[in-house]
Student: 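Quick one: the structure is below, and I'll ask about it shortly.
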Amino acid sequence: AHAERDRDIAMIAEGKDGAVVLQKLNDLQQAISSGRSQKGITQEYITSVVQQLAHPREINQGGDITCTQTAGMWEIYKYNPLYAVTLSSDLAVKGVATLKGGKEISLAASDLIKDTKEEVQRFDQRTQSEKVFQKAMFRAFSQERVGTYPSGHVVSMRETNTKLFVEQRA
């Protein structure tokens, strides 16, 4: 596990804004270790943020209805890792983060409650940071069906029969 994490950190260091991203990750790690993070945020949070920065294609929606928010999370982590770690850090430490457009997203205590039902745990395999980020975005944009993400892509959700589709347009 340590070797895999070391490889992930090396990938992040070589990526866009690598040194600054690593410093923000270090600050987040210190906040979690010293108890300055929001109640319920654990070491799993920092581990999953590192994995998502190194491998954004593996960001998981789980069984929740957060397809648009998950697409937005992927966009942010893939194209702007500094913004991703800033948002994730702010949610974990301050409980609130401000998006570039000025809208706030916030952590809710219920985001960190682990469901004890076995069937729900099998259905929703998201990490702590995926749940926090996606649920915060869902609450902020629940009345809106279209969002513009940092890469300039527009992600919208449309319904056809009983299926939901996420469309991305440049």
Side-chain angles (χ1 to χ4, degrees), residues 1-62 64 66-109 111-112 114 125-141 147-155 166 168-170:
H2 288 291
E4 187 174 315
R5 184 173 172 164
D6 290 345
R7 280 193 302 274
D8 288 349
I9 290 172
M11 285 176 65
I12 294 166
E14 294 171 9
K16 183 178 177 185
D17 300 317
V20 181
V21 171
L22 289 179
Q23 183 58 53
K24 285 214 170 259
L25 286 169
N26 186 53
D27 294 347
L28 176 57
Q29 175 67 48
Q30 289 179 3
I32 292 170
S33 296
S34 68
R36 291 183 288 119
S37 59
Q38 297 294 304
K39 184 178 178 184
I41 296 289
T42 66
Q43 292 298 321
E44 180 207 340
Y45 191 89
I46 186 76
T47 300
S48 59
V49 169
V50 168
Q51 289 170 339
Q52 290 149 11
L53 286 166
H55 310 284
R57 70 186 175 283
E58 295 176 12
I59 290 174
N60 187 355
Q61 176 186 335
D64 213 337
T66 55
C67 30
T68 302
Q69 293 76 18
T70 304
M73 184 179 187
W74 179 84
E75 287 276 334
I76 292 168
Y77 271 77
K78 180 165 178 63
Y79 295 109
N80 197 337
L82 180 57
Y83 185 44
V85 77
T86 300
L87 291 175
S88 294
S89 249
D90 287 351
L91 284 169
V93 177
K94 300 174 186 174
V96 65
T98 304
L99 300 174
K100 287 184 177 182
K103 190 167 202 145
E104 285 190 345
I105 58 175
S106 61
L107 173 74
D111 295 346
L112 301 171
K114 197 164 196 148
Q125 297 293 314
R126 290 179 297 169
T127 65
Q128 191 178 61
S129 63
E130 288 166 336
K131 287 178 186 177
V132 166
F133 193 98
Q134 292 165 19
K135 288 180 177 189
M137 293 288 278
F138 185 81
R139 279 190 300 279
F141 292 99
T148 303
Y149 294 97
S151 65
H153 287 89
V154 174
V155 178
V166 175
Q168 294 183 329
R169 303 184 304 269

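Side chains included, hydrogens not; waters and symmetry mates left out as well; all remaining heavy atoms used.
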Student: How long is the span from the CD1 atom in I12 to the CG atom in D17, to the nearest 0.5 Å?
Tutor: 12.5 Å
Student: Could you measure the distance from the CD1 atom of I9 to the CG atom of N26? Nearest 0.5 Å is fine.
Tutor: 9.5 Å
Student: I would like to know whether R139 and D111 meet salt bridge (charged side-chain N to carboxylate O under 4.0 Å, His left out); could you show each step before the answer?
Tutor: CA-CA 11 Å; R139 279 190 300 279; D111 295 346; 2.8 Å; yes
Student: Quick check: does any side chain N or O of K24 sit under 3.5 Å from a backbone N or O of S89, one acting as donor and the other as acceptor?
Tutor: no
Student: Would you check if F138 and F133 make a side-chain contact, meaning some heavy-atom pair closer than 4.5 Å?
Tutor: no
Student: Please confirm whether the backbone N or O of E44 pairs with a side-chain atom of Q128, one donor and one acceptor, at under 3.5 Å?
Tutor: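 Answer holds: no.
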Student: Between L107 and V96, is there a side-chain heavy-atom distance shorter than 4.5 Å?
Tutor: no
Student: Using side-chain heavy atoms (C-beta onward) and a distance below 4.5 Å, is Q43 in contact with I32?
Tutor: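 Side-chain contact under 4.5 Å: yes.
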Student: Would you check if Y77 and V85 make a side-chain contact, meaning some heavy-atom pair closer than 4.5 Å?
Tutor: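 No; the side chains remain at least 4.5 Å from each other.
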Student: Quick one: closest heavy-atom pair of A31 and V93, and the distance?
Tutor: CB-CG2, 3.7 Å
Student: So which atom in A136 and which in S106 form the shortest heavy-atom distance, rounded to 0.1 Å?
Tutor: CB-O, 3.3 Å
Student: Indicate whether the side chain of T127 and that of Q52 have a donor and an acceptor atom separated by less than 3.5 Å.
Tutor: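 Q52 and T127 do have a side-chain donor-acceptor pair below 3.5 Å.
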Student: Judged by atom type as modelled, is there a donor-acceptor pair below 3.5 Å linking the side chain of Q134 to the main-chain atoms of N60?
Tutor: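 Yes, the answer is positive, given that a donor and an acceptor are paired below the 3.5 Å cut-off.
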Student: Taking side chain as C-beta onward, heavy atoms only, is Q30 less than 4.5 Å from R36?
Tutor: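 Side chain of Q30 against side chain of R36, heavy atoms only: contact under 4.5 Å found.
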Student: How long is the straight-line distance from OG of S37 back to NZ of K94, given to the nearest 0.5 Å?
Tutor: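 Result: 14.0 Å between the selected atoms.
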Student: Starting at CD of E130, measure out to NZ of K135 and round the result to the nearest 0.5 Å.
Tutor: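 Going from the CD atom of E130 to the NZ atom of K135 covers 12.0 Å.
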Student: Test side-chain contact (heavy atoms from CB on, under 4.5 Å) on L25 and L53; report intermediate values, then the result.
Tutor: CA-CA 10 Å; L25 286 169; L53 286 166; 3.9 Å; yes
Student: Taking all atoms of both residues into account, what is the closest heavy-atom pair of I41 and A92, and its distance?
Tutor: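 Closest heavy-atom pair between I41 and A92: CG1-O, 3.9 Å.
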Student: Can you tell me how far the CZ atom of R126 sits from the CD1 atom of I59, to the nearest 0.5 Å?
Tutor: 12.0 Å
Student: Does N80 reach the main-chain N or O of Y83 with its side chain, forming a donor-acceptor pair under 3.5 Å?
Tutor: yes
Student: Could you give the distance from CD (Q69) to SG (C67), rounded to the nearest 0.5 Å?
Tutor: 7.0 Å
Student: Less than 4.5 Å apart, side chain to side chain, heavy atoms only: is that true for Y45 and L28?
Tutor: yes
Student: Go through it in stages, so that I can follow the logic: the residues are K16 and V21, the test is side-chain contact (heavy atoms from CB on, under 4.5 Å), and I'd like the CA-CA distance, side-chain angles, deciding distance and then a yes or no.
Tutor: CA-CA 8 Å; K16 183 178 177 185; V21 171; over 6 Å; no
Student: Using a 4.5 Å cut-off on heavy atoms from C-beta on, say whether the side chain of Q38 contacts that of L91.
Tutor: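 L91 does not reach Q38 side chain to side chain.
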Student: Considering only heavy atoms from C-beta outward, does the side chain of D8 approach that of H55 to under 4.5 Å?
Tutor: yes
